[in-house]
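Input: a single structure, listed below in structure tokens.
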There are 2 protein chains.
Amino acid sequence: MVSNRFDQQPPPVNIGEIARLAGVSRSTVSYALSGKRPISDRTRQRIQQVIEDRGFQPNASARALAHGRTRTLGLVFPTVSRRYTDMQLDFINSVVDAAAAHDHDILLSRSDGEGDDSFRRLVGERRVDGALLMEIRAPDSRVEPLVRSGFPFVSMGHTADTATLSWVDLDFAELTAACVRHLGRLGHRHLALVGRPRELYDAGYVPALRGRTGFLRATSELGLTGEVHHCGDDADSGQAVVARLLDRDPRTTAVVTLNEAALVGLYRGLGLAGRSVPGDFSVTGVAAARWAEAVTPMMTGADVPSDLMGRLAVDLLLERLDAPAAAPRQHLLTPPLTPRASTGPAPDRN
Amino acid sequence: MVSNRFDQQPPPVNIGEIARLAGVSRSTVSYALSGKRPISDRTRQRIQQVIEDRGFQPNASARALAHGRTRTLGLVFPTVSRRYTDMQLDFINSVVDAAAAHDHDILLSRSDGEGDDSFRRLVGERRVDGALLMEIRAPDSRVEPLVRSGFPFVSMGHTADTATLSWVDLDFAELTAACVRHLGRLGHRHLALVGRPRELYDAGYVPALRGRTGFLRATSELGLTGEVHHCGDDADSGQAVVARLLDRDPRTTAVVTLNEAALVGLYRGLGLAGRSVPGDFSVTGVAAARWAEAVTPMMTGADVPSDLMGRLAVDLLLERLDAPAAAPRQHLLTPPLTPRASTGPAPDRN
DNA sequence: ATGAAAGCGCTAACAC
DNA sequence: GTGTTAGCGCTTTCAT
């Protein structure tokens, strides 16, 4: 046993100690802290003084046990996503900040539902008051057990149960459709969709699915051809998909992309294929502004408002916690296309 | 008050209920769960049965209060880093997984130390058993209060107190030096360092500082010129820094970069400046393999082992928790340069 | 305006 | 091998 600077663990001050030193009862200290009943100025000041002297801070576990609230929210990612994407990172960030603004903390968990240890700890052991489900899929194994147990949650993305659950989502169908219409107006007749990795579709990842639906519907409504392509979440895959889509339909003059991580590679691939953007090829889609602006020429597209979404999700969840009986609410967002420099008139082909 | 599916909150089962149904005392149930004292097979089975029937799971707050351990670790980012970098994302991921492997959860916090609400909740209210400090700086306002209070923590990156604290770090000085020596062997005489954003240096961000030191020492030892440049954490800044460094010393034929997010832009800038990699310009540095492999030609460099580092940090912290009196330990990692395609002999200049 | 006391749900020392 | 009981540190009725 080596002696070191960690030895001097200070005695943990508790509310009883404060009460004793201030010459009052524990309940008085508690009420002085919560303000839930009137305390004379004199006593309050004395208590305040002692609290500051001893640096007292109420123990969170005790408080949670007595009060029934942990003031902690769970942020639950499915295990399929091995790595977080940039967009998810933004969410984590905004969720942490939004929660902090309400004196809440965020507990991170990667789990798929009931069978999962982490999930059990989170909801079963009541480590958190509510959960935020990231990367929602349909069906999503996390949803059913939560609904059944009445555990409060908000999902990022929505499944079939639109009206009975609380969620925040981007209207991917409408966003891709808007991209298609934009390209249609510019005269493009042969489009391609650059989607997310095949695994996500197989896993029922909703945004990807809805994006595809919107794309197919819009192209068919406008009488355009539209080929759908999967694409890995990385630059190399983006580069590779260009060759595939030009091979599948050489007439293609524009793409709509839902894959921001592949964007850099997409441009690289187009360069290699001898297509210049936006001269003879247009690119648009849905991505964080940061990605859209990282490429040259910068991409025209719908910017994902991660910050807003994180904040809305936290607000919705806290709302549920405060009023469990109130009707669930939803936010379906449709950010406008931000015009940049990656789309132009379809090249002449006669 | 609208009625909905959330109304049916099931009565929370507790250990007393289980004891009653199994016809034993609460302590017996507790011991059956923990295995801390022998239980007859018959009783254990009966208890087990009831537990499964009612889906009982011990309440985490109560357990934490009684046992003095929350089984939660805090992951603390300073507020300066507005967004997480890719590397930090990898850490978050690996830390969450490593913690989960030991039945622990991760609480996220953005805070700079004592004055901070989030920090107070975390350590003051004892929401977590220990903390992992990300993005350590020198001086770091989070360190002193923690040391003073004897709160267990491990930092990613190390400050002056090398031997008395627990930390995991990359030997940035040695890594940049290795890059310089590599370039020196290839005949390059005029180098530049592409660093991190100026704010990080100003904030005393240690990896950035040590990287600079190693670069300057190695270049001077080898009689090479070496110019240091700050660079924002994004592609555009990477592109911009190329112009700056070629302007400062037009003889420059190689760079060492510590800035992975700027890498794509760095390549783009070199292309615009008419330098081909590795024909007439070499690029090397420290970055996650994913980034090094995202560029063409792929970057030769030291790959950051985020996964390993996250795991080591969690192990170190749990070690501290189990044996607070043991001497602190450290891991200083020096991953080897992975040869790829971005470095070559210095171009002839006569 | 304040105090006493009964929990919150669990663990563990102390019986037997 | 099992039960009894006293906490863990706080909140909140119920008294006064």
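Lettering follows sequence order; numbering is per chain, from 1.
A donor-acceptor contact shorter than 3.5 Å links the side chain of B:Ser34 to the backbone of B:Lys36. In this structure a side-chain-to-backbone donor-acceptor pair under 3.5 Å is present from A:Ser141 to A:Asp112. B:Asp140 places a side-chain N or O within donor-acceptor distance of the main-chain N or O of B:Arg137, the cut-off being under 3.5 Å.
To the nearest angstrom, C1' of D:dG9 lies 18 Å from CZ of B:Arg63. The CD atom of B:Glu125 sits 10 Å away from the P atom of D:dC10 (whole-angstrom rounding). Across the protein-nucleic acid pair, A:Arg127 atom CZ and C:dG9 atom C1' stand 14 Å apart, rounded to whole Å. The nearest whole Å value for the distance from the CD1 atom in B:Ile15 to the C1' atom in C:dT11 is 8 Å. Rounded to whole Å, the distance from CZ on B:Arg126 to C1' on D:dC10 is 16 Å. The CD1 atom of A:Ile47 sits 12 Å away from the C1' atom of C:dG3 (whole-angstrom rounding). Distance, B:Tyr31 OH to C:dA12 P: 7 Å, rounded to whole Å. Between the CZ atom of B:Arg71 and the P atom of D:dC8 there is a distance of 22 Å, given to the nearest Å.
Proximity note for B:Ala66 (side chain, C-beta onward) versus C:dA13, D:dT12, D:dC8: the nearest is D:dC8. For A:Ala62, the side-chain atoms get nearest to D:dG9 when compared with the rest of D:dG9, C:dC10, C:dG3. Listed nucleotides: D:dC10, C:dC10, C:dG3. Nearest to the side chain of B:Pro58: C:dC10.
Considering B:His331, B:His158, B:Gln330 as possible partners of B:Asp169, the one that fulfils the side chain to side chain donor-acceptor pair (under 3.5 Å) test is B:His158.
Contact annotation for A:Thr43: backbone-only contact, meaning every heavy-atom pair under 4.0 Å involves sugar-phosphate atoms and none involves a base. Here A:Ser40 lies in heavy-atom contact (under 4.0 Å) with sugar-phosphate atoms only. In this structure, A:Ser34 reaches neither bases nor backbone, as no heavy-atom distance under 4.0 Å exists between it and the strands shown.
For B:Ser27 and D:dT4, a side-chain-to-base donor-acceptor distance below 3.5 Å is present, hydrogens and geometry of angles not being considered. For A:Thr28 against C:dA1, no side-chain N or O and base N or O form a donor-acceptor pair under 3.5 Å. Residue-to-nucleotide contacts include a donor-acceptor pair under 3.5 Å from the side chain of B:Arg37 to the base of D:dT2. Side-chain N/O atoms of A:Arg26 and base N/O atoms of C:dG7 include no donor-acceptor pair closer than 3.5 Å. The base of D:dG3 does not come close enough to the side chain of B:Arg20 for any donor and acceptor atom to sit less than 3.5 Å apart.
Residue-to-nucleotide proximity on DNA chain C shows that, of A:Ser25 and A:His67, the 5′-proximal contact is made by A:Ser25.
Taking only side-chain nitrogens and oxygens, B:Asn59 never comes nearer than 4.0 Å to OP1 or OP2 of C:dG9. The side chain of B:Lys36 contributes no N or O atom lying less than 4.0 Å from OP1 or OP2 of C:dT11.
Look at A:Arg71 and A:Asp129 and you find no salt bridge, because none of the NZ, NE, NH1 or NH2 atoms lies under 4.0 Å from a carboxylate O. Electrostatic pairing of A:Arg127 and B:Asp105 counts as a salt bridge here, judged by a charged N lying under 4.0 Å from a carboxylate O.
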